[in-house]
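Structure, as structure tokens:
Note that the structure is a prediction, hence the values are computed from the model and not measured.
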Amino acid sequence: MNHYLDFAKELSLIISKEDIKLDEPMKKHTSFKVGGPADILVTPKNIDELIKVIRSCKESKVPYFIVG
């Protein structure tokens, strides 16, 4: 998890800290209200933020999954 804390700090240089959640229960974000915790949930506000987040994930070799 320490790796994810470091990565979350890196992400906070790209997007607002309010848009980064650690250990976020996915049941809060799904239609059927199911899902375990996401290590990091990022909610980019626009396409530019999305591109930067994905680029950062790839560069840091952090797996990502797009929901929505």
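Note: D39 CG to E24 CD = 12.0 Å, rounded to the nearest 0.5 Å. Going from atom OH of Y4 over to atom CG of D23 covers 10.5 Å, rounded to the nearest 0.5 Å. With rounding to the nearest 0.5 Å, the separation of NZ in K45 from OG in S16 is 7.5 Å. Rounding to the nearest 0.5 angstrom, the gap separating the CD atom in E10 from the CD atom in E59 is 7.5 Å. The CG atom of D48 sits 12.5 Å away from the CD1 atom of I15 when rounded to the nearest 0.5 Å. Of the inter-residue distances, the one linking I40 atom CD1 with I20 atom CD1 reads 8.0 Å to the nearest 0.5 angstrom.
Looking at S60, its side chain never comes within 3.5 Å of a backbone N or O of V62 through a donor-acceptor pair. Checking side-chain atoms of S12 against main-chain N and O of K9 turns up a donor-acceptor pair under 3.5 Å.
Side chains of S56 and I14 form a contact here, defined as non-hydrogen atoms less than 4.5 Å apart. Side-chain atoms of V67 and F65, non-hydrogen and from C-beta on, do get closer than 4.5 Å to each other.
Here I54 pairs with L50, K58, Y64, I66 under the side-chain contact (heavy atoms from CB on, under 4.5 Å) rule; sequence neighbours left out.
Criterion: ILVMFWY side-chain heavy atoms under 4.5 Å apart, direct or through other members. Under it, L11 and L41 are not part of a common hydrophobic cluster. Under the 4.5 Å side-chain heavy-atom criterion for ILVMFWY residues, no single connected hydrophobic cluster contains both V42 and I51.
Of the residues listed (K33, K27, M26), the one engaging H29 in a side chain to side chain contact (heavy atoms under 4.5 Å, CB included) is M26, and it is the only one.
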